Amino acid sequence: MERFLIRNAASFRIDEIYIYTLERWGATKAESYISGLFDAFEKIATGELSSHPIPAEFGIDGFFFRYEKHFVYWKYLSQGVVGITTILHERMHQIERFKEDFSIK
């Protein structure tokens with residue numbers, strides 16, 4: 001059984017992170033950063049990494065944690081599977097990007 005599932009918006013952001021890191025710092029750093037993200041996803045799913053509730057103003061039930069320069073947003077899906085919903089860089093406008101990724105007006 002899968003422990004975590006990467007939603008579409010998160011998948012798109014992972015691709016962006018990989019490409020940016022690859023162009024800026026090379027393949028080794030890009031692969032290391034993405035591997036670290038996936039390790040963090042696994043730790044969330046096994047309860048080894050703590051998270052904070054998403055603030056009420058986002059209008060979504062879920063949690064977030066920081067991974068280096070990014071914030072990872074997630075929620076529980078059916079059967080306790082962790083759904084990685086989106087990943088935002090610390091300098092992104094959190095509420096605007098979050099709403100964009102979830103089509104919230």
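Small disclaimer: the values here were computed from a predicted structure and weren't measured. Reckoned from all heavy atoms, side chains included, excluding hydrogens, waters and symmetry mates.
- Looking at every heavy atom in both residues, Ala9 comes nearest to Thr85 through CB-O, 3.5 Å.
- Looking at every heavy atom in both residues, Ile6 comes nearest to Ser11 through CG2-N, 3.6 Å.
- Remark: Leu5 engages Glu2, Arg7, Leu77, Val81 in a side-chain contact (heavy atoms from CB on, under 4.5 Å) (not counting sequence neighbours).
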Can you check side-chain contact (heavy atoms from CB on, under 4.5 Å) on Leu49 and Phe65, steps first, answer last? CA-CA 8 Å; Leu49 185 67; Phe65 66 94; 3.6 Å; yes
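- Using a 4.5 Å cut-off on side-chain heavy atoms (C-beta onward), Ile87 and Tyr73 make no contact.
- Using a 4.5 Å cut-off on side-chain heavy atoms (C-beta onward), His52 and Phe63 make no contact.
- Counting only residues at least two apart or on different chains, the side chain to side chain donor-acceptor pair (under 3.5 Å) pairs with a member in residues 25-40 are Tyr33-His70.
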Tell me, with the steps shown, if Tyr20 and Tyr18 meet side-chain contact (heavy atoms from CB on, under 4.5 Å). CA-CA 6 Å; Tyr20 178 84; Tyr18 181 84; over 6 Å; no
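- Applying the side-chain hydrogen bond (donor to acceptor under 3.5 Å, both in side chains) criterion to Thr46, with sequence neighbours excluded, gives Glu48.
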Given the rule in the side-chain contact (heavy atoms from CB on, under 4.5 Å) test, do Leu37 and Ile17 qualify, once you have shown the distances and angles that lead to the verdict? CA-CA 10 Å; Leu37 267 175; Ile17 293 165; 4.3 Å; yes
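- Rounding to the nearest 0.5 angstrom, the gap separating the CD atom in Glu90 from the NZ atom in Lys69 is 4.5 Å.
- Here the side chain of Arg13 pairs no donor or acceptor atom with the backbone of Asp15 at under 3.5 angstrom.
- The side-chain hydrogen bond (donor to acceptor under 3.5 Å, both in side chains) check on Ser51 picks up Trp74, with sequence neighbours excluded.
- The line from CD1 of Ile84 to CG of Asn8 is 13.5 Å long, rounded to the nearest 0.5 Å.
- Contacts of Phe38 classified as ring pair (Phe, Tyr, Trp, His ring centres under 6.0 Å), with partners at least two apart in sequence or in another chain: Phe41.
- Under the 4.5 Å side-chain criterion, counting only non-hydrogen atoms from C-beta, Phe64 is not in contact with Pro53.
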